[in-house]
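Heads up, the thing below is written out as structure tokens.
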Amino acid sequence: MSQLDKEQEQGQEQQANDGPEKKGYIKVKWIYIVLGALALVLLTVGATVYLLTEKAQSKSGSGGSLLSTNTDGDFSKLYEVYNTLENYYFEDVDEEALVNGAINGMVESLDDPYSDFMSTDEATSFHESISSSFEGIGAEIQQENDQIVIVSPIKGAPAEEAGLKAGDMILEVDGESLQGMSSSNAVLLIRGEKGTKVTLTIQRPGQSDTMKVEIVRDTIPIETVYTETVSNNIEKIQITSFSEHTAEELEKALKSAEKDGAKGIILDLRQNPGGLLDQAQEIANMFVDEGKILYQVEYRNGNKEVTKATGNGYKVSLPTTVLIDEGSASASEIVAAALKESADIPLVGMKSFGKGTVQSAQDFTDGSNLKFTTAKWLTPDGNWIHKKGISPDVKAELPEYANLTYVDPEKEWKEGTSSADIENIEKMLEALGFNPGKVDTSYDAATASAVKQFQKDQGIKQTGIVTGETTTKLMNELREKINSDDPQVEAAVKELK
């Protein structure tokens with residue numbers, strides 16, 4: 001009951017007591033007055049709840065599926081708060097914002113980084129992420145312990161070009177803190193029109209200093225399958241995410257490899273943050289024999305739903321290995337586990353991310369969206385890999401220089417300066433075959449000499465100063481070296497042979 005309703009009731013009671021006192025009459029009249037007053041109050045409360053529910057439905061566009069399903073118990077408190085704020089807050093309130101805020105509060109109370117309520121704008125970004133293309137930096141993110149963490153950058157996207165890696169925490173976007181912000185809200189800040197710039201403040205695990213990374217947004221095409229011949233007719237096929245047409249793209253790539261005489265396949269799921277479950281199921285089905293388990297889904301009542309491979313569609317006949325790493329999550333882990341446990345296909349690389357839950361998304365008529373966890377998924381053998389990951393059969397690490405941090409091209413380093421970034425620069429030079437002398441935080445004559453030699457080889461002015469074009473070329477050359485000298489791919493080739 002609202003404060004206003006209580007005042008009305010008190011006024012009615014006072015009026016009844018002020019009436020003439022007539023023996024044998026007032027007692028009977030008082031009963032009727034009390035019953036009538038009580039009926040009026042209940043009618044008022046019922047009307048308030050009904051009108052509030054109707055208003056919430058019309059404002060949220062949810063068709064009543066969220067706020068009108070239960071008006072008993074603690075939900076009455078929700079309506080009282082809404083009614084009180086709408087009537088007595090010192091300024092006009094945004095009714096839609098109140099409803100969305102209440103829903104957000106319910107979802108956040110689950111303490112589940114994979115459940116999220118999205119406003120109309122946020123939901124639009126969510127749907128874009130699985131469509132043909134969108135504009136932004138190209139990185140999958142999630143909320144983890146009130147921080148926004150990169151699950152993995154998309155291949156060839158600005159985020160990868162800038163050197164962002166799985167596990168990097170995004171602390172700020174253009175100076176605005178993301179502390180406690182939902183991943184959906186963070187996406188709205190990070191994304192933007194092609195050609196615009198965004199500056200991210202990044203904290204890399206294991207490093208005390210933060211770094212500011214300026215990225216130019218671009219169109220991010222959702223092309224998810226990339227093919228490359230790596231050794232002796234062995235084709236490496238990389239899947240960067242599981243979007244609407246990934247299974248179709250992969251089937252074309254596999255058939256093309258077979259036609260070209262490939263002797264083996266390396267399925268590269270590294271830095272793959274996941275995506276659509278139906279695509280993972282279709283892809284796993286290509287490698288697993290009919291009747292064997294692809295994955296299991298366990299609901300909160302303990303019931304399990306087992307999905308098995310069918311005899312329908314294309315089946316891979318070539319020997320295969322799978323590459324995974326700490327950026328392989330969700331749908332990519334479903335595929336990796338299915339191939340490992342039901343097709344005896346070896347996994348090579350590093351332990352995967354460890355996401356063992358299934359999400360569903362419900363759209364509402366106003367364009368908002370609720371993404372929420374509905375079940376656990378289990379491997380064919382019944383293992384739940386959540387927060388544990390999948391261990392590879394053959395462990396293979398990338399070299400230390402693959403984890404060097406981003407260097408800002410806008411800054412300038414020259415002889416006589418000192419910075420933690422200089423140690424990074426010297427490690428890059430060393431990895432590329434140049435001798436910077438002692439690797440430390442001081443820019444000395446040996447460092448300047450190595451920089452001049454690098455500049456000469458790249459055909460740029462030999463200043464001995466690291467800035468602008470020199471910085472960009474240094475990072476690009478290192479990236480090319482990482483791609484060409486890949487010990488994880490070498491380990492996968494060896495396993496195939």
Under the 3.5 angstrom rule, does the side chain of [X] hit a backbone N or O of [Y] as a donor-acceptor pair?
{"X": "Thr224", "Y": "Phe242", "value": "no"}
{"X": "Asn272", "Y": "Ile239", "value": "yes"}
{"X": "Glu333", "Y": "Lys355", "value": "yes"}
{"X": "Gln296", "Y": "Pro380", "value": "yes"}
{"X": "Asn87", "Y": "Asn83", "value": "yes"}
{"X": "Asn285", "Y": "Thr310", "value": "yes"}
{"X": "Gln279", "Y": "Glu244", "value": "yes"}
{"X": "Gln362", "Y": "Leu370", "value": "no"}
{"X": "Gln147", "Y": "Met169", "value": "no"}
{"X": "Asp325", "Y": "Gln271", "value": "yes"}

Taking every non-hydrogen atom, the tightest pair across [X] and [Y]:
{"X": "Asp366", "Y": "Glu96", "value": "OD2-OE2, 3.9 Å"}
{"X": "Lys351", "Y": "Ser391", "value": "CE-OG, 3.5 Å"}
{"X": "Ser183", "Y": "Ile141", "value": "O-CD1, 3.9 Å"}
{"X": "Ile345", "Y": "Thr321", "value": "CG2-CA, 4.0 Å"}
{"X": "Ile334", "Y": "Leu277", "value": "CD1-CD1, 3.4 Å"}
{"X": "Lys315", "Y": "Ala309", "value": "NZ-CB, 4.2 Å"}

Are [X] and [Y] close enough that some pair of their side-chain heavy atoms sits under 4.5 Å apart?
{"X": "Leu254", "Y": "Phe287", "result": "yes"}
{"X": "Tyr406", "Y": "Asn424", "result": "no"}
{"X": "Tyr401", "Y": "Leu478", "result": "yes"}
{"X": "Val489", "Y": "Arg270", "result": "yes"}

**Q.** Partners meeting side-chain contact (heavy atoms from CB on, under 4.5 Å) with Lys388 (sequence neighbours left out)
**A.** none
Q: With sequence neighbours left out, write down each residue that passes side-chain contact (heavy atoms from CB on, under 4.5 Å) with Thr227, or none if nothing qualifies.
A: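 With sequence neighbours excluded, Thr227 shows a side-chain contact (heavy atoms from CB on, under 4.5 Å) to Glu235, Ile237, Ala253, given in chain and number order.
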Q | Whether over 12 other heavy atoms sit under 6.0 Å from Glu400 CD | A | no
In Å, rounded to the nearest 0.5 Å, how long is the span from [atom1] of [X] to [atom2] of [Y]?
{"X": "Asp381", "Y": "Ile293", "atom1": "CG", "atom2": "CD1", "value": "8.0 Å"}
{"X": "Lys212", "Y": "Thr201", "atom1": "NZ", "atom2": "OG1", "value": "3.0 Å"}
{"X": "Asp218", "Y": "Thr196", "atom1": "CG", "atom2": "OG1", "value": "10.0 Å"}
{"X": "Arg479", "Y": "Glu160", "atom1": "CZ", "atom2": "CD", "value": "6.5 Å"}

Just checking, any donor-acceptor pair under 3.5 angstrom between side chains of [X] and [Y]?
{"X": "Glu412", "Y": "Thr467", "value": "no"}
{"X": "Thr357", "Y": "Lys376", "value": "no"}
{"X": "Thr373", "Y": "Asp112", "value": "yes"}

Q: Write out all pairs satisfying side chain to side chain donor-acceptor pair (under 3.5 Å) with one or both partners inside residues 339-348, taking only residues at least two apart or from two chains.
A: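 Passing the test, one end in residues 339-348: Lys340-Asp393, Glu341-Thr379, Glu341-Asn383.
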**Q.** Contacts of Glu176 that satisfy salt bridge (charged side-chain N to carboxylate O under 4.0 Å, His left out) - sequence neighbours left out
**A.** none
**Q.** Partners meeting salt bridge (charged side-chain N to carboxylate O under 4.0 Å, His left out) with Glu397 (sequence neighbours left out)
**A.** none
(Q) Going by ring-ring contact (aromatic ring centres under 6.0 Å, His included), name the residues that satisfy it together with His386, two or more places apart in sequence or in a different chain. (A)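 Counting only residues at least two positions away or on another chain, His386 forms a ring-ring contact (aromatic ring centres under 6.0 Å, His included) with Trp384.
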Q) Among Val439, Asp421, Thr441, whose side-chain contact (heavy atoms from CB on, under 4.5 Å) with Glu426 holds? A) Val439
Q: Among Gln488, Gln238, Glu495, Lys236, find the one that has a side-chain contact (heavy atoms from CB on, under 4.5 Å) with Ile266.
A: Lys236
